[in-house]
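Labels below follow one simple rule: chain letters A, B, ... track the order of the sequence lines, proteins then strands, and each chain is numbered from 1. Computed over heavy atoms, backbone and side chain alike; hydrogens, waters and symmetry mates excluded.
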Protein chains: 2
Amino acid sequence: MDLTTAEENYLKAIYHLSDGGKKSVATNDIAAEMKNKPASVSDMLRKLGEKEVIEYRKYYGLQMTESGKRFALQTIRKHRLWEVFLVEKLNFAWDEVHEVAEQLEHINSALLIQRLDSYLNYPKFDPHGDPIPDEFGDVRARPRVHLNEMEINQTGQIVAVKDSSAAFLRYLDKVGAYIGARIKVLDKVEFDGSLEILVDQKKTLFMSKDVAGNILVQQS
Amino acid sequence: MDLTTAEENYLKAIYHLSDGGKKSVATNDIAAEMKNKPASVSDMLRKLGEKEVIEYRKYYGLQMTESGKRFALQTIRKHRLWEVFLVEKLNFAWDEVHEVAEQLEHINSALLIQRLDSYLNYPKFDPHGDPIPDEFGDVRARPRVHLNEMEINQTGQIVAVKDSSAAFLRYLDKVGAYIGARIKVLDKVEFDGSLEILVDQKKTLFMSKDVAGNILVQQS
DNA sequence: ATTTATTTTTAGCTATATCTAAAATAATTT
DNA sequence: AAATTATTTTAGATATAGCTAAAAATAAAT
């Protein structure tokens with residue numbers, strides 16, 4: 001069974017809004033996420049129900065089926081692999097990749113994705129630090145802590161940022177706090193929660209509690 | 001003005017069938033090339049006429065406009081750049097790339113194509129030896145000769161093959177006669193036209209007139 | 001120069017994916 | 001509990017891109 005591009009996009013939106021198929025999702029919220037009208041969503045939900053990628057009872061909401069989750073994860077996998085390609089090979093900036101990956105994720109070729117994965121050396125995380133599902137849809141989720149919650153002398157690796165506005169990403173780029181950077185908390189100021197951070201065993205960096213609250217770290 | 005994927009595919013087909021916009025093309029031939037029905041083609045020609053990428057007088061055939069040629073060349077450029085990527089970076093075989101490139105050519109991002117071009121080191125020819133138009137649609141066409149028409153001691157570079165059946169491509173791969181290979185005609189047998197070829201100043205190779213007739217060489 | 005055959009176009013239908021406006025259902029408030 | 005509000009669905013459009021069957025125009029053959 002094959003899905004259209006539109007169906008893939010709906011499934012992906014539903015997957016994200018439902019927190020991986022755990023929660024129920026409102027028609028209105030899907031419409032907001034997809035930037036279209038609730039009436040269009042209702043229609044699509046009926047179709048997705050017929051294809052059995054969701055279980056749909058009208059007026060009562062929906063549940064993703066196992067099949068639906070697999071499809072969503074495949075699309076997410078492709079999106080994130082392409083993001084890695086764009087950043088690592090074509091030197092795109094973090095904030096330039098989304099639009100293009102949004103198109104590339106719908107290219108249909110199992111061989112292409114296998115080869116791309118291999119070419120990129122089987123990355124486990126995308127440039128924003130989000131995990132890349134493997135070909136079976138398995139995700140190796142790492143425990144994450146907000147940087148502002150870490151204690152002095154604790155170490156880890158930056159794995160994600162919460163605020164992905166262009167301005168914030170530019171700031172991070174400037175200070176060298178890229179995804180994958182190894183960090184160590186050197187000092188913490190009591191009264192405002194600001195931090196002194198060692199980045200990649202070289203640069204030290206002062207950071208406000210607010211900024212640190214937007215950075216996720218895998219502790220090690 | 002933007003074109004849909006279907007419109008891009010029609011323009012590309014028309015460009016090829018009309019030999020770069022020079023000849024007129026029959027509705028039936030477009031239908032055959034696109035594997036759909038003449039009625040569908042008529043309809044699309046009307047639309048393409050309205051968008052002024054072709055000049056269309058019903059029953060009388062069509063002419064590509066300058067705008068139409070530019071669009072077609074951009075699509076061809078993207079297709080061939082992706083083919084280079086698939087073969088050189090992802091290790092696709094010559095006969096595996098077409099289908100996937102057919103999808104990738106419709107990805108819409110000027111930046112992506114610029115970066116891809118740069119990443120591939122501004123290739124001038126695709127893996128089949130067909131020229132890649134530059135971003136302005138200019139094509140550096142090289143004079144080509146069939147290998148069987150070359151004389152003893154003449155040299156050149158293989159730029160294309162006419163028969164692109166998987167069997168033929170496998171044969172060429174096996175004997176090392178890939179696109180770009182530098183060749184020299186060492187000897188020519190009078191009575192059957194078969195040739196002795198030096199490939200890349202290393203291997204010598206015997207080749208029937210028939211095989212040589214399917215290989216195009218840029219003389220140098 | 002008619003007739004016949006071929007090619008091309010039109011008319012009307014189907015499917016996808018969107019929309020607006022109205023109707024139906026569920027949730028909230030008084 | 002009834003009325004009001006919010007959410008969701010249906011009904012009926014529109015646009016794209018294909019189809020079949022029939023009509024119209026052009027080309028070929030007698």
Inset, instruction - Check salt bridge (charged side-chain N to carboxylate O under 4.0 Å, His left out) between B/Glu66 and all other residues, then give those that pass, not counting sequence neighbours. - result: B/Lys69
Legend entry - Any residue of residues 20-29 of chain B with a heavy atom less than 4.0 Å from an atom of DNA chain C: B/Ala26, B/Thr27, B/Asn28
Which protein N or O atoms sit under 3.5 Å from an N or O of nucleotides 17-20 of chain C?
unit_1, atom_1, unit_2, atom_2, d
C/dA17, OP1, A/Thr4, OG1, 2.5
C/dC19, OP2, A/Lys37, N, 3.1
C/dC19, OP2, A/Ser40, OG, 2.4

Identify each donor-acceptor pair in which a side-chain atom of residues 121-131 of chain A lies under 3.5 Å from a protein atom, sequence neighbours left out, and give them as a table.
unit_1, atom_1, unit_2, atom_2, d
A/Lys124, NZ, A/Tyr122, O, 3.1
A/Asp126, OD1, A/His128, N, 2.7
A/Asp126, OD1, A/Gly129, N, 3.0
A/Asp126, OD1, A/Asp130, N, 2.9
A/His128, ND1, A/Glu83, OE1, 3.2
A/His128, NE2, A/Trp94, O, 3.3

Legend entry - Residue pairs fulfilling side-chain hydrogen bond (donor to acceptor under 3.5 Å, both in side chains) with at least one residue in residues 42-51 of chain B, sequence neighbours excluded: B/Glu7-B/Lys51, B/Arg46-B/Glu50
Legend entry - B/Phe85: ring-ring contact (aromatic ring centres under 6.0 Å, His included) partners, not counting sequence neighbours: A/Phe85, B/Trp82
Inset, instruction - Would you jot down, in residue-number order, the residues of residues 52-59 of chain B having a non-hydrogen atom under 4.0 Å from DNA chain C? - result: B/Tyr56, B/Lys58, B/Tyr59
Inset, instruction - Taking side chain to side chain donor-acceptor pair (under 3.5 Å) as the test, write out the residues that go with B/Tyr15, two or more places apart. - result: none
Legend entry - A/Glu105 and A/Lys12 ion-paired at < 4.0 Å: yes
Legend entry - By side chain to side chain donor-acceptor pair (under 3.5 Å) - contacts of A/Asp192 (at least two apart): A/Ser194
Inset, instruction - Kindly write out the residues that satisfy side chain to side chain donor-acceptor pair (under 3.5 Å) with B/Asn148, not counting sequence neighbours, or none if the list is empty. - result: none
Inset, instruction - Report the distance from atom CG of A/Leu48 to atom C1' of C/dT16, rounded to the nearest whole Å. - result: 13 Å
Legend entry - Rounded interatomic separation in angstrom, taking CZ from B/Arg46 and P from C/dA11: 11 Å
Legend entry - All pairs passing side-chain hydrogen bond (donor to acceptor under 3.5 Å, both in side chains) where residues 28-41 of chain A contributes a residue, at least two apart: A/Tyr10-A/Asn36
Legend entry - d(OH, A/Tyr60; P, D/dT9) in whole Å: 12 Å
Inset, instruction - Name all residues meeting the side chain to side chain donor-acceptor pair (under 3.5 Å) criterion together with A/His146; count only those two or more places apart in sequence or in a different chain, and write none if there are none. - result: A/Lys162
